[in-house]
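Note that this is a predicted model, so its numbers are computed, not measured. Here is how names work: the chains are called A, B, and so on, in the same order as the sequence lines, proteins then strands, and each is numbered from 1.
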Amino acid sequence: MNDNQSSGPLVWVGTVLATCITLYLFQGILWLVLPILLSIILYYVTEPLVYRLTHHGWSRESAAGFVMGGLVLLLLALTAVTLPRFASKVTTWNEQKIISNYVQHGADFVESTLRTVEKYVPFIDEYMMSKARDNANWDEQLAKWASENSSHTIMGLLHWIPSLLLIPYLTYFILVDGSQFKRFLVRAIPNAYFEKSLLLLHRIDDQVRRYFQGLMALTAIDAACLGIGLKLMGISGAFVLGLVIAVLSWVPYVGSIVGCLLVVLVAATDYASQTWMTYGAVALFLGVRLLDDFVFMPMTIGRSLQIHPVVTVLMIFVGGAVAGISGLLLVMPVLGVMMVLGQILGQLATNDRLTARYQFRKALLRTRAQKGLEA
Amino acid sequence: MLFSLGKKKNPRLAQLKSVALFNDLKLSQLRIVNSLLHERNYLESELIFDQGDEGQALYIVASGKVRTHRENQPEDKFVEFGPGDFFGELALLEDAPRSTSARAVEDTVLLALFRTEFLALLELHSSIGSMISYALARDLSRKLRKAIVSNENPTNL
């Protein structure tokens with residue numbers, strides 16, 4: 001923001017507290033919060049297209065209907081193609097122990113890497129061997145755990161389908177009635193703060209729009225780079241894996257770690273006897289991450305959220321502690337919203353002239369209400 | 001809908017038609033402009049904006065009366081605006097501080113048109129935007145001519 005004043009400690013404490021309380025409350029209605037959040041993201045992503053259609057003479061309703069209808073049809077077509085294959089895979093996953101197979105190969109890769117390290121760094125050797133003796137069958141246990149829980153995890157994900165169906169429906173109405181709803185909310189702002197609030201809201205809206213559009217562009221670039229790289233290496237499901245990793249990196253730091261783990265598991269399974277291919281996949285992942293940080297991200301998102309990395313990491317841990325996995329996923333968007341609200345309220349509440357004007361109107365109303373009370 | 005102005009016959013549209021800024025607009029165009037306006041109610045003596053504020057909106061008087069004035073300006077130089085008049089139009093054209101303060105002389109209903117929404121209108125409905133821009137230029141020209149003739153500063157911009 002142009003007139004962005006740095007928030008004071010009180011505003012920051014309030015922001016963190018509000019974030020924690022919101023995350024805690026959101027846990028119970030996650031089935032609603034997640035579709036709303038994704039609808040808002042989809043709104044910002046599809047809005048330029050709707051805008052262009054409107055520019056060519058379409059009404060807002062028909063443009064939004066066309067864009068969302070097209071998107072739903074595309075998703076339905078994709079589902080029709082992929083669902084039967086996916087369903088047949090899910091039923092065979094447990095029988096063939098595919099997930100435990102991935103985990104087993106990942107564990108084998110870690111063990112092989114440790115052995116290589118031990119060969120070159122002798123003092124680690126003794127320590128690692130003692131550790132290995134302590135956890136003789138940790139990899140088997142891990143594989144067993146993965147095998148037992150895989151079907152539950154997949155069924156749990158399928159439970160989300162009805163609430164995810166809300167996304168196109170909500171997005172359509174945000175596209176059509178979003179501005180009217182904003183005007184409805186603006187009516188509640190007192191006269192004294194009206195012009196300033198609207199200016200701040202506009203700037204925030206602009207910032208959020210650029211952030212989400214940048215995030216989508218970044219996800220597409222990441223997915224394409226990873227997909228092409230993994231495909232060239234001959235790794236199975238390269239583009240799907242690339243897309244999943246790109247989406248995972250929406251969660252700062254933690255998402256990248258999980259993404260790297262996925263790459264290791266798939267590459268170690270596809271090339272069980274060629275460890276160097278797994279190293280190559282990890283190198284590709286790290287290369288894309290570096291490109292992401294130094295080239296793609298400045299080109300797309302920039303530093304729009306402007307949150308210090310230490311605060312980001314701390315808040316991810318706080319989010320996880322307060323609301324588990326949902327907290328990990330939601331903590332950054334919620335923190336972003338709370339920061340914005342904190343900045344607005346901070347700027348409005350500390351403006352003495354606006355406060356005086358607000359008080360003056362209240363005094364005028366009070367005087368008017370008291371008229372005729374005295375005999 | 002709770003917050004929709006809808007497409008029903010709206011008495012506001014006839015009112016807007018009488019505003020010099022929107023004289024040339026058709027009914028369908030007025031409907032689009034109307035969907036961008038924010039209605040605000042001010043009490044007698046309430047300040048609408050201060051001189052030096054970051055100007056962001058043009059105000060149209062729907063009912064009531066508004067007075068604009070500069071600091072230390074003699075009272076006879078104050079400018080009053082009644083129903084159908086508009087003020088604060090420079091805010092639509094440039095991101096500059098307000099040159100005057102505005103206060104409601106009596107209970108007043110104002111319609112605010114924000115610069116960002118006006119710019120979106122220029123882009124999305126360029127014919128409406130250009131007609132309003134032309135009317136705005138015409139009004140500024142008239143005020144400038146008046147100021148030159150009377151050898152004064154145009155205080156009501």
When rounded to the nearest 0.5 angstrom, what is the spacing between [atom1] in [X] and [atom2] in [Y]?
{"X": "B:Phe114", "Y": "A:Glu195", "atom1": "CZ", "atom2": "CD", "answer": "5.0 Å"}
{"X": "A:Lys196", "Y": "B:Asp53", "atom1": "NZ", "atom2": "CG", "answer": "8.5 Å"}
{"X": "B:Ile48", "Y": "A:Phe194", "atom1": "CD1", "atom2": "CZ", "answer": "11.5 Å"}
{"X": "A:Arg368", "Y": "B:Glu44", "atom1": "CZ", "atom2": "CD", "answer": "7.0 Å"}
{"X": "A:Leu198", "Y": "B:Arg115", "atom1": "CG", "atom2": "CZ", "answer": "12.0 Å"}
{"X": "B:Leu124", "Y": "A:Arg60", "atom1": "CG", "atom2": "CZ", "answer": "8.0 Å"}

**Prompt:** Quick one: does B:Arg40's side chain get under 4.5 Å of A:Val186's, heavy atoms only?
**Reply:**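 B:Arg40 reaches A:Val186 side chain to side chain.
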
Return the minimal non-hydrogen interatomic distance between [X] and [Y], and the atom names on each side.
{"X": "A:Asn191", "Y": "B:Asn41", "value": "ND2-O, 2.7 Å"}
{"X": "B:Leu47", "Y": "A:Arg357", "value": "CD2-CD, 3.7 Å"}
{"X": "B:Tyr42", "Y": "A:Arg361", "value": "CA-NH1, 4.1 Å"}

**Side chain / backbone / both / neither for A:Leu185 at chain B, heavy atoms under 4.5 Å** =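 Neither part; nothing is under 4.5 Å.
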
**Prompt:** Is it the side chain or the backbone of B:Glu39 that comes within 4.5 Å of chain A heavy atoms, both, or neither?
**Reply:**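 Answer is neither: B:Glu39 stays 4.5 Å or more from chain A.
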
**Item:** chain A contact via B:Ala91 - which portion, at a heavy-atom distance below 4.5 Å
**Value:**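 Interface part for B:Ala91: neither.
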
**Request:** For each of B:His125, B:Arg98, B:Glu117, tally heavy-atom pairs with chain A at distances under 4.5 Å, and name the one with the top tally.
**Result:**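 Maximum pair count with chain A is reached by B:Arg98.
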
Can you tell me if [X] has over 12 outside heavy atoms packed within less than 6.0 Å of its [atom1]?
{"X": "A:Leu10", "atom1": "CG", "answer": "no"}
{"X": "B:Arg138", "atom1": "CZ", "answer": "yes"}
{"X": "A:Tyr51", "atom1": "OH", "answer": "yes"}
{"X": "B:Lys65", "atom1": "NZ", "answer": "no"}

